[in-house]
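Have a look at the structure below, then the notes.
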Amino acid sequence: MVFVVVGVLLVLLRTAALWPVADLSWWYCIAPFGGAVLWWAVKDGSGWTKREEMRKDEEKKAERRRRAMAALGQGRKSR
């Protein structure tokens, strides 16, 4: 996400011809988008995205189970 935000900012600054990036080549301004594509490819290829999704699903299941047990009066009692 950071790569995309930086890329959008650079493109906007370059389009407006503002001082910090007015003289930069367009290649430097669109390079963060390539970085974002590379980051997502590595993240998906390594299985990181799927592991995060599975972890979130497990947390949701555990919370649902905790609420169901509490509703039945069989969960831990708070003191």
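Residue numbers start at 1 and run along the sequence shown. What you are looking at is a predicted structure, and each value in this text was computed from that prediction instead of being measured.
- Summarising the geometry of Arg14 relative to Ala22, their closest heavy-atom pair is NH1-O, 3.5 Å, with the distance given to 0.1 Å.
- The hydrophobic cluster around Trp26 extends to Phe3, Val4, Val8, Val11, Leu12, Trp27, Ile30, Phe33, Trp39, Trp40, Trp48, counting ILVMFWY residues whose side-chain heavy atoms fall within less than 4.5 Å of a member.
- Contacts of Lys56 classified as side-chain hydrogen bond (donor to acceptor under 3.5 Å, both in side chains), with partners at least two apart in sequence or in another chain: none.
- When the side-chain contact (heavy atoms from CB on, under 4.5 Å) test is applied to Glu53, the partners found at least two apart in sequence or on another chain are Lys50, Asp57.
- Applying the salt bridge (Lys or Arg N to Asp or Glu O under 4.0 Å) rule to Arg67 yields the partners Glu63; only residues at least two apart in sequence or on another chain are considered.
- Sorted pairs that involve residues 19-48 and meet salt bridge (Lys or Arg N to Asp or Glu O under 4.0 Å), not counting sequence neighbours, are lacking altogether.
- Evaluation of the salt bridge (Lys or Arg N to Asp or Glu O under 4.0 Å) rule for Arg64 yields no partner, not counting sequence neighbours.
- Not counting sequence neighbours, the partners of Glu59 by the side-chain hydrogen bond (donor to acceptor under 3.5 Å, both in side chains) test are Arg55.
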Chi angles and distances behind the side chain to side chain contact (heavy atoms under 4.5 Å, CB included) call for Arg65, Lys61: CA-CA 6 Å; Arg65 178 172 166 73; Lys61 284 195 310 191; over 6 Å; no
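- Remark: Lys60 engages no residue in a salt bridge (Lys or Arg N to Asp or Glu O under 4.0 Å) (not counting sequence neighbours).
- Nearest heavy atom pair, residue Cys29 against residue Leu24, reads SG-CB, 4.4 Å.
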